Structure formats: structure tokens, C-alpha cells
Amino acid sequence: MSGTPPPFTADDYKARMDRAAQAAADAGLAGVLVAPGPDLVWLTGYRPPATTERLTMLVLAAGQDPVLVVPTLEAPDAAEAAGAPALTLHDWTDGKDPYAATAPFLDASGRFGISDNAWAMHLLALQKELPGTSYVSLTDALPMLRAVKDAAELERLTAAGAAADMTYEEIKRVQFEGRREADVAAELAHLLRQCGHEQVDFTVVGSGPNGANPHHEAGDRVIERGDMVVLDFGGLMHGYGSDTSRTVHVGEPSAEEQRVHDVVRGAQEEAVKAVRPGIACQDVDRVARAYITEAGYGEFFIHRTGHGIGVTTHEPPYMIEGEQQTLVPGMCFSVEPGIYLPGRFGVRIEDIVTVTEDAGRRLNNTAREMAIVH
């Protein structure tokens with residue numbers, strides 16, 4: 001595996017904050033309010049304690065220096081964040097009103113984009129403090145804010161994809177037959193960490209009929225010879241996500257199982273080939289769905305074809321009917337069609353794909369043919 005990439009700098013975070021403020025202005029908003037979560041990490045490099053209920057809020061507006069409102073007791077940690085030199089810290093102490101402390105940095109009659117994971121208690125209190133303000137979720141207002149990755153982000157996503165590939169190559173060598181799904185899932189998690197992931201987000205192991213549930217939680221079912229097994233796993237490496245799916249078989253598959261797998265593989269191949277700048281997200285979904293429908297399994301493809309990935313493993317854009325956002329170079333998302341036959345088995349094949357100047361490039365490169373495991 002390649003070494004750790006160089007860290008993002010204060011200039012990197014300043015450029016992101018400037019971009020977000022300008023995007024808000026272009027969308028007719030007074031600014032952006034960012035609560036703890038992936039948006040705050042991406043914009044500033046600061047990750048507050050997950051358990052805190054105290055108000056932490058980044059305020060971005062065009063023509064105004066970025067301000068991070070933080071509790072006094074957490075200000076030293078905020079000051080150590082990589083993006084801190086590019087913003088002003090404004091702290092408030094326990095016993096004081098944090099919303100009154102935040103209000104001077106907001107247009108009292110403005111409409112703001114606010115992170116989707118902001119706590120309702122904070123949003124409602126801000127509205128009470130500034131009754132002339134209004135708010136819209138960032139996913140609605142600026143859905144593409146984090147969607148287009150720069151070269152440094154692509155380097156991290158590529159490394160995460162390679163680590164997930166290495167994990168798949170290793171898991172194919174382990175014993176499946178006679179073991180619980182949960183045991184194989186634990187081994188997947190161990191391998192992801194061994195291959196460089198600092199965080200494991202999910203390890204789906206859906207054997208036999210459980211594979212017909214796309215988000216099956218690995219459980220106590222013992223994997224048997226003759227089972228199709230859906231493997232879907234990913235997490236964060238160097239702060240960026242991986243997510244890949246392959247479907248393996250314990251022993252030789254039946255003709256029907258092989259056919260269903262071939263259909264999914266064909267749909268995934270055609271959808272990846274369709275990726276290029278200028279087409280709509282929904283067009284990727286349409287290609288995969290048309291292929292599966294033509295093969296007679298359309299009603300069993302029950303989820304979107306893909307989702308964006310970056311500092312989280314699921315984020316905009318989404319490859320689904322109705323999403324007319326066009327693809328642009330630097331976008332990264334999954335392409336993961338599937339067929340799920342209730343009570344019998346399921347098949348899913350997934351790669352992360354990034355949009356290049358004229359096509360799409362896979363960040364996962366393991367074989368997509370059905371692997372036989374033991």
C-alpha cells in the first residue's frame with residue numbers, strides 16, 4: 001500500500017470555505033451554517049466531541065471572514081484543527097446564551113443553508129433569537145458542495161478503493177462453509193483495518209435467502225454449500241471512503257444463479273461504460289435498470305444504482321431516476337446494480353467510479369466474475 005498522503009493545509013480548507021460561501025451566494029442564500037459532522041470536517045478539519053450537546057457552528061458568508069462559534073472548554077481543540085488559521089474562533093462560556101453569541105454573525109433577515117445533521121434544538125433556538133431568518137438543508141440548497149473531488153481527495157479515494165480490493169482478495173481465501181455470517185463479517189472488518197482503514201462502516205454478509213435483503217445485517221445463519229453470498233463492505237481510510245460489493249458462491253452455482261450473476265455483471269458493466277461528463281445522474285440508473293429489465297428481472301432491482309462517496313461512504317449525488325444533476329469531472333460515486341429474489345438469493349456488484357474528462361474510471365478493480373469459495 002502507498003504511504004500516508006500529506007495532510008490538507010489551512011489553504012486547502014480556506015479554499016473550501018470560500019467556495020462554500022460563494023456557492024451559497026450564487027444560490028441566493030445569505031450564508032451557510034455548519035454543525036458538527038462531515039461538512040464541518042471537510043470545511044475545517046475540526047471534529048468536535050461526538051457527545052457534546054453544546055452549540056458548535058461554523059458561519060460562512062460571501063465577503064465575511066469565516067467564524068467558528070465554539071464552547072470555551074472546546075476552543076483549545078478547535079484551535080488545533082488544520083483549518084483554524086483560516087477562520088476566526090468565537091467562544092462562549094457555560095451559563096451564557098450561545099445563540100445570542102452567534103446572532104451577530106448572521107444576517108438577521110437572511111435565508112441560510114444549514115447542515116442536515118444540525119440538532120433541532122439549535123436550529124429552533126436560532127430562529128427564536130433571529131425570527132427574521134429562515135433555513136434550508138444543505139442537501140437541498142447545495143447538494144454538490146462536496147461532490148467534485150480535487151486531486152488530493154481522489155488520491156485518498158483511490159487508496160481506499162485499493163485497500164478494499166485487497167480485502168476482497170483476502171476474504172476469498174477464508175472458509176465460508178460451516179461458519180456464521182457474523183464470523184465472516186468480523187473477518188472482513190479485521191482485514192479492512194489491516195489494509196489501512198481507520199474506520200469500518202459496514203460489512204454486509206448475506207448468504208442464501210439473506211442475500212435477497214440488500215442491507216442484511218450479518219447474523220447467526222450458518223453459511224452452507226450451495227449458498228450465494230453477497231459481500232458489501234467499506235469504511236474510511238485517510239478520512240475518505242471505500243465501498244465495494246462482490247457476490248461469491250460456496251461451491252459450484254446452478255445455471256440460474258450463474259445467469260442472474262451474469263445479468264448483474266452486464267448491467268454494471270454497461271452502466272460504468274455510460275459514465276461521462278454531461279449526462280445526468282439518472283442516466284446511469286436508466287442504463288443499469290434497462291439492462292436488468294430486458295433480462296426479465298426488473299421488478300427485483302429494488303434500489304438506486306449508486307450514491308456519492310467522499311468523507312462519508314454515502315452522500316450526494318445519487319444515481320436514481322429523477323436526479324437531473326449532470327456528471328462533471330471529479331465526481332465519485334458507486335455503480336451497484338443488483339437482483340434480489342425473495343426467499344432465495346441476491347446478487348450485487350459494486351465499484352466506485354470517478355468521472356474523468358471523457359469517461360469514468362473505476363476505483364475498484366477486482367474481478368467481477370463470480371468467485372467460487374469454500
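Computed from a predicted structure; not experimentally measured. Position 1 is the first residue of the sequence, and the numbers go up from there.
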**Prompt:** Quick check: does any side chain N or O of R348 sit under 3.5 Å from a backbone N or O of V264, one acting as donor and the other as acceptor?
**Reply:** no
**Asked** With no hydrogens and no angle check, is any side-chain donor or acceptor of E153 less than 3.5 Å from a backbone partner on D150?
**Response** yes
**Request:** Give a yes or no answer on whether the side chain of D227 reaches the backbone of E224 with a donor-acceptor pair at less than 3.5 Å.
**Result:** yes
**Request:** Please check if Y340 and V263 belong to a single hydrophobic cluster, counting links between Ile, Leu, Val, Met, Phe, Trp and Tyr side chain heavy atoms closer than 4.5 Å.
**Result:** no
**Asked** Taking side chain as C-beta onward, heavy atoms only, is I223 less than 4.5 Å from V250?
**Response** yes
**Item:** hydrophobic_cluster_shared for F333 and L157, side chain cutoff 4.5 Å
**Value:** no
**Asked** Do E187 and E170 touch side chain to side chain, with heavy atoms closer than 4.5 Å?
**Response** no
**Exercise: identify the closest heavy-atom pair between A30 and D107** = CB-CB, 4.2 Å
**Message:** Side chains of T313 and D243 only: does a donor on one sit below 3.5 Å from an acceptor on the other?
**Reply:** no
**Prompt:** Under 3.5 Å, side chain of K273 to main-chain N/O of Q268, donor-acceptor pair present?
**Reply:** no
**Asked** Using 4.0 Å as the upper bound for N to carboxylate O, is an ion pair formed by R265 and D262?
**Response** yes
Taking distance alone, no hydrogens or angles, what donor-acceptor pairs closer than 3.5 Å link side-chain atoms of residues 95-106 to residues at least two apart or in another chain?
| from | atom 1 | to | atom 2 | distance (Å) |
| --- | --- | --- | --- | --- |
| D97 | OD1 | Y99 | N | 2.8 |
| D97 | OD1 | A100 | N | 3.3 |
| Y99 | OH | H122 | ND1 | 2.8 |
| T102 | OG1 | P98 | O | 2.8 |

**Gap between atom OG of S334 and atom CD of E350 - 0.5 Å precision** = 4.5 Å
**Message:** For R361 and T356, which I'm curious about, is there any donor-acceptor pair between the side chains at under 3.5 Å?
**Reply:** no
**Item:** Minimum side-chain heavy-atom gap P38-N117 below 4.5 Å
**Value:** yes
**Request:** Apply side-chain contact (heavy atoms from CB on, under 4.5 Å) to Y46 and V41, showing your working.
**Result:** CA-CA 5 Å; Y46 177 48; V41 174; over 6 Å; no
**Message:** Would you say that S115 contacts V32 through its side chain, given a criterion of any heavy-atom pair below 4.5 Å between the two side chains?
**Reply:** no
Pairs under 3.5 angstrom only: tabulate donor-acceptor contacts from the side chains of residues 85-92 to other protein residues two or more places apart or in another chain.
| from | atom 1 | to | atom 2 | distance (Å) |
| --- | --- | --- | --- | --- |
| D91 | OD2 | T72 | OG1 | 2.8 |
| W92 | NE1 | L55 | O | 3.0 |

**Asked** Would you say the side-chain atoms of E315 and W42 include a donor-acceptor pair closer than 3.5 Å?
**Response** no
**Message:** I'd like to know if the side chain of T203 reaches the main chain of A189, judged simply by a donor and an acceptor atom lying under 3.5 Å from each other, with no hydrogens or angles considered.
**Reply:** no
**Request:** Verify the cluster assignment for V200 and F202: are they in a single hydrophobic cluster under the rule of side-chain heavy atoms below 4.5 Å apart?
**Result:** no
**Closest non-hydrogen atom pair, A212 against G343** = CB-N, 4.3 Å
**Request:** Please answer whether the main-chain N or O of L130 pairs with a side-chain N or O of T133 as donor and acceptor at a distance below 3.5 Å.
**Result:** yes
**Request:** Would you check if there is a donor-acceptor pair between the side chains of E181 and H216 at a distance under 3.5 Å?
**Result:** yes
**Message:** For the backbone of S137 and the side chain of D140, can you confirm whether one donor and one acceptor N or O come within less than 3.5 Å of each other?
**Reply:** no
**Message:** Given 3.5 Å as the limit, does a donor-acceptor pair link the side chain of T52 with the main chain of R54, or not?
**Reply:** yes
**Asked** Are the charged groups of R344 and E256 less than 4.0 angstrom apart, N to O?
**Response** yes
**Request:** Could you verify whether a donor N or O on one side chain and an acceptor N or O on the other, from Q127 and Y135, lie under 3.5 Å apart?
**Result:** no
**Message:** Regarding E177 and H374, do their side chains bring together a donor and an acceptor under 3.5 Å, going by distance alone?
**Reply:** no
**Request:** State plainly whether one hydrophobic cluster holds both V355 and V335, where clusters connect Ile, Leu, Val, Met, Phe, Trp and Tyr through side-chain heavy atoms under 4.5 angstrom apart.
**Result:** yes
**Item:** Over all atoms of both residues, closest heavy-atom pair of A267 and A288
**Value:** CB-O, 3.8 Å
**Request:** Check whether any side-chain heavy atom of V184 sits under 4.5 Å from a side-chain heavy atom of I171, and report yes or no.
**Result:** yes
**Asked** Within a radius of less than 6.0 Å around CG of D65, do more than 12 heavy atoms belonging to other residues, nucleotides or ligands occur?
**Response** no
**Enclosure of E294 CD (heavy-atom neighbours >12, cutoff 6.0 Å)** = no
**Prompt:** Strictly by modelled atom types, are H307 and E336 linked by a side-chain donor-acceptor pair under 3.5 Å?
**Reply:** yes
**Message:** Around atom CD of Q258, are there more than 12 heavy atoms from other residues, nucleotides or ligands closer than 6.0 Å?
**Reply:** yes
**Message:** Does any part of the side chain of D116, heavy atoms only, come nearer than 4.5 Å to the side chain of L138, both counted from C-beta?
**Reply:** yes
**Request:** With the side chain counted from C-beta on, respond yes when R221 and R180 share a heavy-atom pair under 4.5 Å apart, and no when they do not.
**Result:** no
**Message:** So which atom in I292 and which in P337 form the shortest heavy-atom distance, rounded to 0.1 Å?
**Reply:** CD1-CB, 3.9 Å
**Prompt:** Does one side chain, of H197 or S242, offer a donor that lies under 3.5 Å from an acceptor on the other?
**Reply:** yes
**Request:** Dump the intermediate steps for side-chain contact (heavy atoms from CB on, under 4.5 Å) on R259 and Y297, then the final yes or no.
**Result:** CA-CA 11 Å; R259 169 171 162 71; Y297 294 98; 3.6 Å; yes
**Prompt:** If you measure from CD1 on I339 to CZ on F301, what distance do you get to the nearest 0.5 Å?
**Reply:** 9.0 Å
**Request:** Tell me, please, whether F8 has R156 positioned over its six-membered ring: NZ or CZ under 6.0 Å from the ring centre and within 45 degrees of its axis?
**Result:** yes
**Prompt:** Which atom pair, heavy atoms only, marks the closest approach of A78 to L68?
**Reply:** CB-CD2, 4.2 Å
**Asked** Side-chain donor-acceptor pair under 3.5 Å between R246 and T366, yes or no?
**Response** yes
**Prompt:** Does a salt bridge link R47 with D77, judged by any charged N lying under 4.0 Å from a carboxylate O?
**Reply:** no
**Asked** Thinking salt bridges, do D358 and R276 make one under a 4.0 Å N-O criterion?
**Response** no
**Message:** Please determine whether the number of non-hydrogen atoms from other residues, nucleotides or ligands lying under 6.0 Å from atom CD of E80 exceeds 12.
**Reply:** no
Side-chain donor/acceptor pairs under 3.5 Å, residues 161-169, sequence neighbours excluded:
| from | atom 1 | to | atom 2 | distance (Å) |
| --- | --- | --- | --- | --- |
| D165 | OD1 | N364 | ND2 | 3.1 |
| D165 | OD2 | N365 | N | 2.7 |
| T167 | OG1 | A163 | O | 3.0 |
| E169 | OE1 | K172 | NZ | 3.1 |

**Item:** Basic-acidic side-chain contact under 4.0 Å: E269, R362
**Value:** yes
**Item:** Student check: side-chain heavy atoms of L327 and V275 closer than 4.5 Å
**Value:** yes
**Item:** Donor-acceptor contact present, side-chain E198 to main-chain H238, <3.5 Å
**Value:** yes
**Asked** Within the distance-only criterion (no hydrogens, no angle test), does the side chain of E257 pair as donor or acceptor with the backbone N or O of S254 below 3.5 angstrom?
**Response** yes
**Message:** If I compare all heavy atoms of V229 with all of S207, which pair ends up nearest, and what's the gap?
**Reply:** CG2-CB, 4.1 Å
**Request:** Go through L29 and V136 one step at a time and tell me if the side-chain contact (heavy atoms from CB on, under 4.5 Å) criterion holds.
**Result:** CA-CA 9 Å; L29 299 173; V136 60; 4.0 Å; yes
**Asked** Between D285 and R289, is there a salt bridge with N-O shorter than 4.0 Å?
**Response** yes
**Request:** Assess whether side-chain contact (heavy atoms from CB on, under 4.5 Å) is satisfied between L43 and Y13, documenting all intermediate values.
**Result:** CA-CA 6 Å; L43 286 162; Y13 290 112; 5.8 Å; no
**Message:** If hydrophobic clusters are built by linking Ile, Leu, Val, Met, Phe, Trp and Tyr wherever their side-chain heavy atoms come under 4.5 Å apart, do M331 and I309 end up in the same one?
**Reply:** no
**Item:** Test item: side-chain donor near acceptor, D18 and Q22, under 3.5 Å
**Value:** no
